[in-house]
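Structure first, commentary second.
FYI, side chains are in, hydrogens and waters are out, and symmetry mates aren't considered; it's all heavy atoms of this structure.
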Amino acid sequence: MNDVEAAINEIEGYLLWEAEKGLARTRADAFCAGLPWLTDTQREDVEFRYCQDQREVTRAYLERIAARSASLRAEYEGVYRALRRRLLAAYLGGTVAATVLVTTAVGLATR
């Protein structure tokens, strides 16, 4: 991965994380709206803890996705390399067979 791709990935990750934080705040507000008896201080504390919990859940989820993505990437790269080797072997085998046939045909034709 080059520097530009790495920078784009970092920016995308930052934007996704900020969006998730915003969603967590929105969910926290909606949750607290259902608890009208909370004082302002209690409401702030519940919102803070809710957002903190959501961030931890999201971080764990994203880490699992990243690990699975890396695993799949490695698996697919291995399959691709094996397929490429098989295709190259088939191509070389075909080339050798074609060369042998042409050489034999030329040899028989010149007799």
**Fill in**
Joining Ile, Leu, Val, Met, Phe, Trp and Tyr whenever any side-chain heavy atoms lie under 4.5 Å apart, the cluster holding V79 also takes in none
**Request:** Mind checking ring-ring contact (aromatic ring centres under 6.0 Å, His included) for F48 and listing every partner two or more places apart, or none if nothing turns up?
**Result:** none
**Which residues share a side chain to side chain donor-acceptor pair (under 3.5 Å) with Q54, sequence neighbours left out** = R27
**Message:** In the structure I gave you, are the side-chain heavy atoms of E20 and L23 within less than 4.5 Å of one another anywhere?
**Reply:** yes
**Item:** Test side chain to side chain donor-acceptor pair (under 3.5 Å) applied to T39 - qualifying residues, sequence neighbours left out
**Value:** Q42
**Message:** Could you measure the distance from the CG atom of D45 to the CG atom of D40? Nearest 0.5 Å is fine.
**Reply:** 12.5 Å
Side chains of residues 86-95: which donor-acceptor partners sit under 3.5 Å, not counting sequence neighbours?
from: T95; atom 1: OG1; to: Y91; atom 2: O; distance (Å): 2.8

**Message:** Please find the pair of heavy atoms, one from A28 and one from C51, that lie closest to each other, and give the distance.
**Reply:** CB-SG, 3.9 Å
**Item:** Counterpart residues, salt bridge (charged side-chain N to carboxylate O under 4.0 Å, His left out), relative to E75 (two or more places apart)
**Value:** none
**Request:** Please answer whether the main-chain N or O of L15 pairs with a side-chain N or O of E18 as donor and acceptor at a distance below 3.5 Å.
**Result:** no
**Atom pair CG/CD of L38 and E47 - distance to nearest 0.5 Å** = 9.0 Å
**Complete:** Across all chains, not counting sequence neighbours, the side chain to side chain donor-acceptor pair (under 3.5 Å) partners of E63 are none
**Message:** What I'd like to find out is whether the side chain of R68 reaches to under 4.5 Å of the side chain of I65, using heavy atoms alone.
**Reply:** no
**Asked** D29: what forms a side chain to side chain donor-acceptor pair (under 3.5 Å) with it, not counting sequence neighbours?
**Response** none
**Request:** Might you work through the side chain to side chain contact (heavy atoms under 4.5 Å, CB included) test for V46 and R43, ending with a clear yes or no?
**Result:** CA-CA 5 Å; V46 169; R43 180 183 177 90; 5.9 Å; no
**Request:** Not counting sequence neighbours, which residues clear salt bridge (charged side-chain N to carboxylate O under 4.0 Å, His left out) with R25? List them please.
**Result:** none
**Separation of D53 CG from R55 CZ (nearest 0.5 Å)** = 10.0 Å
**Item:** Non-neighbouring partners of E77 that pass salt bridge (charged side-chain N to carboxylate O under 4.0 Å, His left out), sequence neighbours left out
**Value:** R73
**Request:** Hydrophobic side-chain clustering at under 4.5 Å (ILVMFWY, transitive links): who's grouped with V96? Put none if nobody.
**Result:** V100
**Item:** CD1-CG distance between I11 and L16, expressed to the nearest 0.5 angstrom
**Value:** 12.0 Å
**Asked** For A67, does its backbone N or O pair with a side-chain atom of S71 as donor and acceptor, under 3.5 Å?
**Response** no
**Request:** Check the pair E5, N2 against side chain to side chain contact (heavy atoms under 4.5 Å, CB included), reporting the backbone distance first and the verdict last.
**Result:** CA-CA 5 Å; E5 289 172 338; N2 64 39; 3.4 Å; yes
**Prompt:** What pairs meet the ring pair (Phe, Tyr, Trp, His ring centres under 6.0 Å) rule with one or both residues in residues 8-39, with sequence neighbours excluded?
**Reply:** F31-Y50
